[in-house]
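What's counted below: heavy atoms across the whole structure, side chains too, no hydrogens, waters or symmetry copies. Model, not experiment: these values are computed from the prediction. Note that ligands are numbered from 1 as they come in the structure, with each ligand's atoms numbered from 1 the same way.
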Amino acid sequence: MNIHEYQAKELLAKWGVPIPKGVAAFSVEEAVAATKQLPGPLYVVKAQIHAGGRGKGKFKELPATAKGGVRLAKSAEEVGLAAADMLGNTLVTIQTGDAGKQVNRLYVTDGVDIAKEFYLAFLVDRATGRVACVASTEGGMDIETVAHDTPEKIQTFTIDPATGWRAHHGRSVAAALGLSGDLAKQAADTAAKLYAAFIGTDASQIEINPLAVTDDGKLMVLDAKVGFDPNALGRHPDLVALRDLTEEDPAEVEASKYDLAFIKLDGNIGCLVNGAGLAMATMDIIKLNGAFPANFLDVGGGADKEKVTNAFKLILADPAVEGILVNIFGGIMRCDIIAEGIIAAAKEVNLGVPLVVRLEGTNVELGKEILANSGLPIVSADDLGDAARKIVAEVKKAA
Ligand code: ADP
Ligand code: MG
């Protein structure tokens with residue numbers, strides 16, 4: 001789960017991380033009023049969307065020469081003009097895709113005089129099973145570009161969970177950023193606080209880009225991207241409250257209501273599968289047969305009729321879906337019960353596209369018989385390869 005920059009900054013400030021003053025605004029009036037709470041005379045008006053690259057982004061509704069989603073303003077009037085330009089408009093950045101994201105919230109913050117920009121991030125490194133700290137002198141830029149063009153300018157180390165953050169980690173960060181003296185101390189201190197925040201909030205990512213040195217020698221977090229481990233949110237109701245559903249795919253929000261693991265994809269074959277591994281294999285084999293999955297969907301091991309019905313509805317709500325492949329392994333759940341669930345769901349949602357079902361496991365013969373006698377145009381398959389070939393053929397036939 002991701003949060004907005006202003007929420008991330010308010011959170012990190014509580015952990016003692018140095019953040020310039022700022023105020024969230026939902027209207028032009030609020031943006032103008034926010035300047036009264038800031039020192040001035042320089043302000044920055046920042047579009048709040050769950051994507052980076054805002055500074056270099058473009059608004060769909062504005063001329064190509066218009067500025068992006070991070071704008072300097074020298075007075076309350078200029079803040080108002082920038083706010084009016086952004087609110088309600090669609091910002092396209094390298095991270096949003098072509099569709100862009102509508103800007104509904106702004107952050108008005110103190111403009112600081114930047115001497116140098118760095119990059120500092122914490123994330124979960126799957127290879128070592130530890131939290132990794134990534135530091136680079138090349139801040140303010142797209143880190144993927146830095147990684148591609150000048151990988152030697154990125155330094156990474158991991159933190160042993162048994163010892164936690166140690167003084168030498170702080171020195172490593174300062175050295176990676178090429179800092180000495182007081183700035184090295186500030187970098188070590190900020191990195192320690194970010195690590196504490198990472199562990200304390202069960203974060204999956206804290207990315208600071210840029211971490212800036214100001215003209216008067218202060219280290220400041222100017223942009224923060226924070227995401228949390230969804231499996232740990234049960235421990236953090238305060239963080240759950242920060243969720244902005246308008247930033248998420250509507251189908252994925254719907255799926256989360258029914259506890260379905262669902263991710264929308266670009267293809268035309270809907271997949272309904274139990275178990276994440278089987279779901280991955282199903283998507284692979286669809287691709288192997290020359291088609292593309294419309295979604296990843298794991299209904300879970302103990303899926304009942306209601307879950308299967310809701311999953312069907314989700315898949316069918318996607319206009320791109322031209323066929324559905326159900327691939328269920330009846331382990332704890334018996335295949336006959338699953339077959340009945342599929343039939344009930346197919347009748348309830350008024351199935352208008354080809355449906356191929358592959359069942360395997362306990363009572364599979366009975367399950368297949370129930371499907372065959374249902375009177376519904378369900379194509380039965382014997383194994384995964386057979387199922388994928390059949391759904392691809394059915395979709396071609398229907399087209
Ligand atoms: P994004 O990464 O989405 O483009 P940032 O918050 O990183 O957005 O802003 C882009 C650039 O704007 C920064 O690299 C920095 O140079 C400048 N900037 C951002 N916030 C401030 C600020 N408070 N004061 C001065 N400059 C800023
Ligand atoms: Mg940034």
Heavy atoms from other residues, nucleotides or ligands near [atom1] of [X] exceed 12 (cutoff 6.0 Å):
| X | atom1 | result |
| --- | --- | --- |
| E306 | CD | no |
| K218 | NZ | no |
| D182 | CG | yes |

Exercise. So which protein N/O/S atoms does the Mg ion (ligand 2) have within less than 2.8 Å?
Worked result: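 Only N209 O, D223 OD2 fall inside 2.8 Å of the Mg ion (ligand 2).
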
Problem set entry | For T362 against G331, the heavy-atom pair lying closest together | OG1-O, 3.3 Å

Exercise. Do R130 and I159 come close enough that some side-chain heavy atom pair is under 4.5 Å?
Worked result: no

Exercise. What does the list of residues with a heavy atom under 4.0 Å from ligand 1 look like, ordered by chain and number?
Worked result: V44, K46, G52, G53, R54, G55, V70, T109, D110, G111, V112, I114, E117, G140, N209, P210, L222, D223

Exercise. Relative to the ring of H169, is the ring of W165 parallel (under 30°), tilted (30 to 60°) or perpendicular (over 60°)?
Worked result: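 Rings of W165 and H169: tilted, as their planes differ by 30° to 60°.
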
Exercise. Which residue pairs pass the ring pair (Phe, Tyr, Trp, His ring centres under 6.0 Å) test with at least one member in residues 221-276, sequence neighbours excluded?
Worked result: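 Applying ring pair (Phe, Tyr, Trp, His ring centres under 6.0 Å) to every pair that reaches into residues 221-276, excluding sequence neighbours, yields nothing.
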
Could you tabulate the donor-acceptor pairs under 3.5 Å formed by side-chain atoms of residues 106-123, not counting sequence neighbours?
residue, atom, partner, partner atom, Å
T109, OG1, K21, O, 2.8
K116, NZ, T137, O, 2.9
Y119, OH, E207, OE2, 2.6

For this session: Could you walk me through whether T282 and N327 pass the side-chain hydrogen bond (donor to acceptor under 3.5 Å, both in side chains) test, one step at a time?
Result: CA-CA 7 Å; T282 306; N327 185 18; 2.9 Å; yes

